[in-house]
Amino acid sequence: MKRTKINQLITENIEHPEVTVKGWVRTRRDSKGGFSFLEINDGSCLKNIQVVIDHSVESFIKFSGNLHTGSSVAISGALVRSQGKEQGVEIQAKELTVYGGADPESFPLQKKHHSFEFLREIAHLRPRTNTFGAVMRVRNRLAFGIHKFFNDKGFVYLHTPIITAGDCEGAGELFQVTTLDLDNIPHIDGKIDYKQDFFGDKTGLTVSGQLQGETYAMALSEIYTFGPTFRAENSHTSRHLSEFWMVEPEMAFYDLDDDMDLAEEFIKFLFHDALSHCADDLEFFDKRIHPGLLDNHRLICDAPFERVDYSKAIELLEKSNAKFTYAPEWGCNLQAEHEHYLSETVFKRPVMVYNYPEKIKPFYMKANEDGKTVRAMDVLLPKLGEIIGGSQREDDYDILLKRMSDKGIDEKEYQWYLDLRRFGSAPHSGFGLGFERLVQFITGMENIRDVIPFPRTPKNAKF
RNA sequence: UCCGGCGUGGCGCAAUGGUAGCGCAUGCGACUGUUAAUCGCAGGGUUACUGGUUCGAGUCCAGUCGCCGGAGCCA
């Protein structure tokens with residue numbers, strides 16, 4: 001008999017004379033009344049399906065000793081109204097198969113709460129918990145939503161390279177990629193001879209696909225990248241990973257206002273899409289992980305985002321009576337506490353801060369006429385903080401060249417990038433969104449290591 | 001990289017420098033259309049590692065490793 005997913009049976013909530021489910025046993029409760037209750041989960045939804053199996057069923061007698069929390073099973077029987085209060089329907093089992101048992105003495109997952117720190121040590125088994133099942137279903141929906149949003153708008157999904165040459169993109173430390181014999185590194189003139197390396201050049205894992213993305217935006221008009229990104233920073237916080245996924249749209253003929261319009265529409269779409277397609281999972285997060293989560297999400301869906309000039313934002317912070325650990329000062333980056341104050345106390349809604357000082361932003365952002373600021377923007381969400389950083393890109397060859405030399409960047413490495421300004425240059429803009437931070441924000445999970453299947457952090461590449 | 005906290009049965013935690021305990025889980029038994037079921041009994045430990053102080057160290061000191069949080073940096 002063909003297997004039906006548990007999600008479908010519970011959602012339809014109607015009786016069937018004969019169904020088959022396959023999944024993993026979450027709990028088993030024996031009754032001396034001559035039958036047992038099993039809770040089966042197959043990952044299709046948060047809920048388990050309850051199975052009632054009589055101890056006289058032949059296959060139960062055969063498999064009973066091997067039927068514990070963690071075992072994988074197939075169960076056939078009638079789907080009927082449940083006598084219990086916790087579920088609408090349940091299966092009266094006629095037949096049971098145990099594919100693989102799980103020794104209760106050594107199976108690490110118990111019918112109780114586990115700390116996320118402990119679950120990280122068994123990252124290969126944690127998807128069998130409620131929380132991680134829910135996180136990965138939401139993560140999947142968000143990934144799908146990203147593709148849907150851009151595809152519906154006619155953006156081209158662009159695959160930018162994972163291995164890149166050059167080491168001064170300015171977006172964090174590179175992981176080096178080499179096939180040189182580390183016990184016998186070739187030197188020339190006292191320096192490592194990268195001519196002998198695999199690519200004939202010093203190479204590393206990408207820290208951003210933006211610059212390559214710009215080249216295709218200058219041909220296909222609107223593109224986006226969505227792929228893995230690597231930073232060899234020795235940062236040990238709940239918001240950083242050494243390997244993470246990034247979404248980077250890049251649009252020709254967009255100015256900074258167009259960029260902000262798109263970012264706002266994008267965020268609202270993703271939150272709305274997750275709310276409507278992952279309702280059960282998000283309700284679980286609201287109840288168990290982060291109370292108030294859903295109210296916050298609805299606010300983000302409904303309220304228009306506030307837009308405030310950086311200089312005005314500094315003024316607002318200086319005027320405020322709030323006590324900050326770091327005093328706000330024009331020319332400095334906004335601290336996390338400043339960002340929270342703006343979105344939560346001043347505006348009480350998502351905020352986009354734009355026109356940042358030139359000194360604290362990278363070379364590729366377009367200079368304003370004031371000579372002091374660039375057309376950069378950050379999207380700040382209440383309670384959640386910064387989720388997007390973007391800018392209009394500098395499209396003037398001479399200005400870009402000057403900014404590169406001011407920041408000590410070797411123009412020879414970026415000749416191809418400068419060429420975009422020599423041949424048919426056009427105004428263009430883009431932004432970047434850290435995918436795991438988005439998943440973190442939407443699920444309310446506190447630690448970024450718990451929203452990616454196998455987190456890579458300093459000193460940890462297990463699994 | 002810097003600052004701070006932590007490391008004790010499978011898991012979560014306790015123990016004034018003086019016999020390493022408790023809850024959950026596990027095993028066995030009782031009871032029950034149960035819902036993280038409940039009740040009783042039992043088994044389970046080189047207190048992260050190395051060295052030091054002390055009559056005596058889970059506890060104090062030094063170092064190492066790991067985990068967690070924050071800063072910086074960023075997404």
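Just so we're on the same page: letters track the sequence lines, and every chain starts at 1.
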| task | Look at Glu264(A) together with Lys268(A) and state whether they make a salt bridge at an N to O cut-off of under 4.0 Å. | result | yes

| Ion pair check, Arg307(A) and Asp261(A), cut-off under 4.0 Å | yes

| Below 4.0 angstrom, N of the basic side chain to O of the carboxylate: do Asp42(A) and Lys5(A) qualify? | no

| said: Under a plain distance cut-off of 3.5 Å, with no hydrogens placed, do Thr20(A) and Ser76(A) share a side-chain donor-acceptor pair? | reply: yes

| request: Decide whether His338(A) and Tyr326(A) meet the rule of one side-chain donor and one side-chain acceptor closer than 3.5 Å. | output: no

Pull out every protein N or O sitting under 3.5 Å from an N or O of nucleotides 38-40 of chain B, one pair per line with the distance.
none

| request: List in numerical order all residues of residues 65-83 of chain A for which some heavy atom is under 4.0 Å away from an atom belonging to RNA chain B. | output: Ser82(A), Gln83(A)

| message | Could you check whether the side chain of Gln50(A) and the base of U34(B) have a donor-acceptor pair of N or O atoms closer than 3.5 Å, going by distance alone? | response | yes

| Would Glu39(A) and Arg28(A) pass as an ion pair if we require N to O under 4.0 Å? | no

| request: Stems involving RNA chain B: give each as a range paired with a range, ordered by first number, where a stem means at least three consecutive Watson-Crick or G-U wobble pairs under 3.5 Å. | output: B:1-7 with B:65-71, B:10-13 with B:21-24, B:26-30 with B:38-42, B:48-52 with B:60-64

| Does His240(A) get its side chain close enough to the base of C74(B), under 3.5 Å, for a donor-acceptor pair? | yes

| note | Rounded to the nearest 0.5 angstrom, the CD1-CD1 distance for Ile91(A) and Ile40(A) is 8.0 Å

| request: For the residue pair Tyr354(A) and Asp378(A), confirm or rule out a side-chain donor-acceptor distance under 3.5 Å. | output: no

